[in-house]
Structures are given as C-alpha cells and as structure tokens.
**Student:** 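Handing you a structure now.
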2 protein chains.
Amino acid sequence: MLFANQIKKLREENNLLQRQLASALEIDTPMYSKIERGDRLAKREQVVIIAKFLSTDENELLSLWLADKVLDVLEGEKELGGKVLEIANANLK
Amino acid sequence: MLFANQIKKLREENNLLQRQLASALEIDTPMYSKIERGDRLAKREQVVIIAKFLSTDENELLSLWLADKVLDVLEGEKELGGKVLEIANANLK
DNA sequence: TTATTCTTTGACACAAGTTGTCAAAAGAAA
DNA sequence: TTTCTTTTGACAACTTGTGTCAAAGAATAA
C-alpha cells in the first residue's frame, strides 16, 4: 500500500495524531486508522485534504493513491501485469 | 474501450450473433450487447468464455480487459497517468 | 503499577454501485 | 411489410463501499 505507507510516514514526521487527520476529513478515528493501514480506500477528495494537511504535494500523493488502484486491478494477474501496463500506456490520451 | 472493440471485431469476423455469445455466457442478449459496446463491464470468467468462443488467445483478451480497467482508474487524471503507470510498473511483483 | 491517550478490531447500518431481466424501440436484411 | 438483430431504459436483486460505534490492544505518562 504505497499511499497508506506514505501518509503514515508523513503524519509521523509532522507529529500529528490520527485524531487530527480524522477531524480534517470529518470521519472518526477508527475510519482514518483503516485508511492509513490500507484496510479501506480513501476517496479522491480525502486525498486532497490529506495532502494539504500534511503539507505534501497533492499530485505526488494522488499518484500513489492511483497507483494503488492500478495495482489492485492487476492483483492476481502477475503474468499479465507488464503487458497490461504497456497497453494502458499506449492508450493514455 | 479496447476489450469491447476487440470482441465486436472478432465476433463479426467469426460471423456469430450476439445471441450466441449471450447464450454461451448465460445472460440475455441486451446484456451482451451492453458488454460489447462497453456500456457494462464483463466479469473475468466471462472474458475467459468469450475468448474460447471466439477462438482467440485468452491472455490477449484478458490483457485488453484489464487495460480498460487500468485506463478507467486513470480516467480524468490525464496529467498523472504516465507517472502513475511508472509507479505501478515499479511496484509490480 | 494504574491511568490516560492513541490506535486497531470487528460488527453493523446504510449508501452506492453492479449485474442482470424485461419490455419495447430502433436498425438491417429479406 | 415481416422477421431477425441490436440497442435503450427502467427496474429488481445482489454486492461492495463508507461510515459509526463499542470495545480491545498498545504505548506513554504518572
């Protein structure tokens, strides 16, 4: 979980509590805990708020969050992963 | 829709009717029509059946189907797409 | 040690999205 | 026309996602 690991690292570096992030997202602490551990997926708007709150680049964080989703699509398709990403890349517009 | 386009092309080349594919998938023709037009997503098992029925390579077809899903994740994130795919690629295991 | 604060777990409710059916319309071929 | 194929839209059933809550576990402080 690239996104989860990153926000945990940044939160700790910034000496913030889960409670504070949860409050910024208007969800309860257990829910934030799950997001931070990759047990639940954040929504896009939540990623944006987290980036602001952790003073990190929004696009960097969004990229990790999206990469997790891409990897999730590829979950269990190990042998096709590389080919799939090539095709996807060739069809990005 | 890479997958949808491909199965339409192959079905026509094989002179088959949507009704026949629908029957192989045990769904009705309207449902199959939607899959073929990219209006609905096929499930993995359906892709496998379609590949068999259209005598095409299963992995090729699965790759298109997966690539569609990856592109869907990237939908509306044009500027991040390339970067995201790089990250995903670097984290394929 | 106990007390307090922080984080995680699991069960649950409800919202949202998916997968399918059906009736009927639109398109193509005869 | 008539018939066969494909598409559309509305809907029900099922599945998944998002959040809350109570309570347990970990870490820290006193």
Side-chain angles (χ1 to χ4, degrees), chain A residues 1-54 61-62 64-77, chain B residues 1-54 61-62 64-77:
Chain A
M1 285 282 123
L2 305 169
F3 173 76
N5 292 346
Q6 179 68 356
I7 63 175
K8 170 155 205 189
K9 175 169 157 281
L10 290 170
R11 180 178 63 81
E12 290 172 344
E13 285 173 7
N14 285 269
N15 288 294
L16 295 167
L17 298 174
Q18 289 191 352
R19 173 163 48 77
Q20 301 176 270
L21 273 287
S23 152
L25 297 175
E26 303 182 83
I27 54 179
D28 71 1
T29 310
M31 185 65 195
Y32 179 79
S33 168
K34 285 166 189 166
I35 290 172
E36 194 179 274
R37 291 175 26 268
D39 187 37
R40 299 288 182 90
L41 254 32
K43 306 199 233 175
R44 196 185 192 285
E45 321 88 75
Q46 295 176 324
V47 177
V48 172
I49 294 170
I50 293 172
K52 266 215 179 63
F53 212 82
L54 296 180
L61 206 52
L62 278 171
L64 294 177
W65 173 76
L66 288 166
D68 279 341
K69 293 198 180 212
V70 168
L71 290 168
D72 198 58
V73 167
L74 267 25
E75 178 74 25
E77 308 280 2
Chain B
M1 285 281 126
L2 303 169
F3 173 75
N5 292 347
Q6 179 69 355
I7 64 176
K8 171 155 204 186
K9 174 170 157 278
L10 289 171
R11 180 178 64 80
E12 288 172 345
E13 284 172 8
N14 286 268
N15 287 296
L16 295 167
L17 297 174
Q18 289 192 351
R19 170 163 50 78
Q20 301 176 269
L21 273 289
S23 152
L25 297 175
E26 305 182 81
I27 55 177
D28 71 359
T29 310
M31 184 65 195
Y32 179 79
S33 167
K34 285 166 189 168
I35 290 174
E36 194 178 273
R37 290 176 26 267
D39 188 36
R40 299 288 181 95
L41 254 31
K43 307 200 235 179
R44 196 184 192 286
E45 324 86 76
Q46 295 176 324
V47 176
V48 172
I49 295 171
I50 293 172
K52 267 214 178 65
F53 211 81
L54 296 180
L61 206 51
L62 278 171
L64 294 177
W65 173 76
L66 288 166
D68 278 341
K69 293 197 179 214
V70 168
L71 290 168
D72 199 56
V73 166
L74 267 25
E75 178 75 23
E77 308 280 2

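Chain letters run A, B, ... following the sequence lines, proteins first and then strands; every chain starts at 1.
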**Student:** Report yes if some heavy atom in the side chain of B:L16 is under 4.5 Å from a heavy atom in the side chain of B:L54; otherwise report no.
**Tutor:** yes

**Student:** To the nearest 10°, let me know how far the axis at one end of the helix from C:dT1-D:dA30 to C:dA30-D:dT1 is tilted from the axis at the other, five pairs an end.
**Tutor:** 30°

**Student:** For B:Q46 and B:I27, run side-chain contact (heavy atoms from CB on, under 4.5 Å): C-alpha distance rounded to whole Å, both residues' side-chain angles, the deciding distance at 0.1 Å, then the answer.
**Tutor:** CA-CA 10 Å; B:Q46 295 176 324; B:I27 55 177; 4.1 Å; yes

**Student:** In whole Å, what is the span from the NZ atom of A:K43 to the C1' atom of D:dG19?
**Tutor:** 9 Å

**Student:** Could you pull out the closest heavy-atom pair between B:A24 and B:I49, with the gap in Å?
**Tutor:** O-CG2, 3.8 Å

**Student:** Taking CD from A:E12 and P from C:dC6, how many angstroms apart are they, rounded to a whole number?
**Tutor:** 14 Å

**Student:** Does the side chain of A:K34 get closer than 4.0 angstrom to OP1 or OP2 of C:dG10 through an N or O atom?
**Tutor:** no

**Student:** Could you go through A:L17 and A:Q20, starting from their C-alpha distance and side-chain angles, then the distance that decides it, and tell me whether this counts as side-chain contact (heavy atoms from CB on, under 4.5 Å)?
**Tutor:** CA-CA 5 Å; A:L17 298 174; A:Q20 301 176 270; 3.7 Å; yes

**Student:** For the pair made of CG in B:L41 and C1' in C:dT19, what is the distance, rounded to whole Å?
**Tutor:** 11 Å

**Student:** Is there a side-chain contact between B:I50 and B:F3, using heavy atoms and a 4.5 Å cut-off?
**Tutor:** yes

**Student:** For A:A42 and for B:P30, find the nucleotide of DNA chain D with the closest heavy atom, then tell me which residue's nucleotide is more 5'.
**Tutor:** B:P30

**Student:** How many angstroms lie between atom NZ of B:K9 and atom CD of B:E13, to the nearest 0.5 angstrom?
**Tutor:** 4.5 Å

**Student:** Grab the CE-P distance between A:M31 and C:dT8 for me, whole Å please.
**Tutor:** 14 Å

**Student:** Whole angstrom is fine here: how far is it from CD in A:E26 over to P in D:dT18?
**Tutor:** 17 Å

**Student:** One pair to check against side-chain contact (heavy atoms from CB on, under 4.5 Å): A:D68 and A:L41. What are the steps and the verdict?
**Tutor:** CA-CA 9 Å; A:D68 279 341; A:L41 254 32; 5.8 Å; no

**Student:** Any donor-acceptor pair under 3.5 Å between the side chain of A:R40 and the base of D:dG17?
**Tutor:** no

**Student:** Starting at atom CD1 of B:I27, determine the distance to atom P of D:dT7, rounded to an integer number of angstrom.
**Tutor:** 13 Å

**Student:** Please report, rounded to the nearest Å, how far the C1' atom of C:dC12 is from the CG atom of A:D28.
**Tutor:** 13 Å

**Student:** Does A:E77 come within less than 4.0 Å of B:R44, counting only side-chain N to carboxylate O?
**Tutor:** yes

**Student:** CG of A:N15 versus P of D:dT28: gap in Å, rounded?
**Tutor:** 13 Å

**Student:** Checking B:L21 against B:I7 for the side-chain contact (heavy atoms from CB on, under 4.5 Å) test, could you report, in this order, the C-alpha distance in whole Å, the side-chain angles of both residues, the deciding distance, and whether it holds?
**Tutor:** CA-CA 10 Å; B:L21 273 289; B:I7 64 176; over 6 Å; no

**Student:** Identify the pairs formed between an N or O of the protein and an N or O of nucleotides 3-6 of chain D at a distance under 3.5 Å, and give each distance.
**Tutor:**
unit_1, atom_1, unit_2, atom_2, d
D:dT5, OP1, B:R19, NH2, 2.6
D:dT5, OP2, B:R19, NE, 3.3
D:dT5, OP2, B:R19, NH2, 3.0
D:dT6, OP1, B:R11, NH1, 2.9
D:dT6, OP2, B:Q18, N, 2.8

**Student:** Just to be sure I understand the rule, does B:Q46 reach a base, reach only the sugar-phosphate, or reach nothing, if contact means heavy atoms closer than 4.0 Å?
**Tutor:** sugar-phosphate

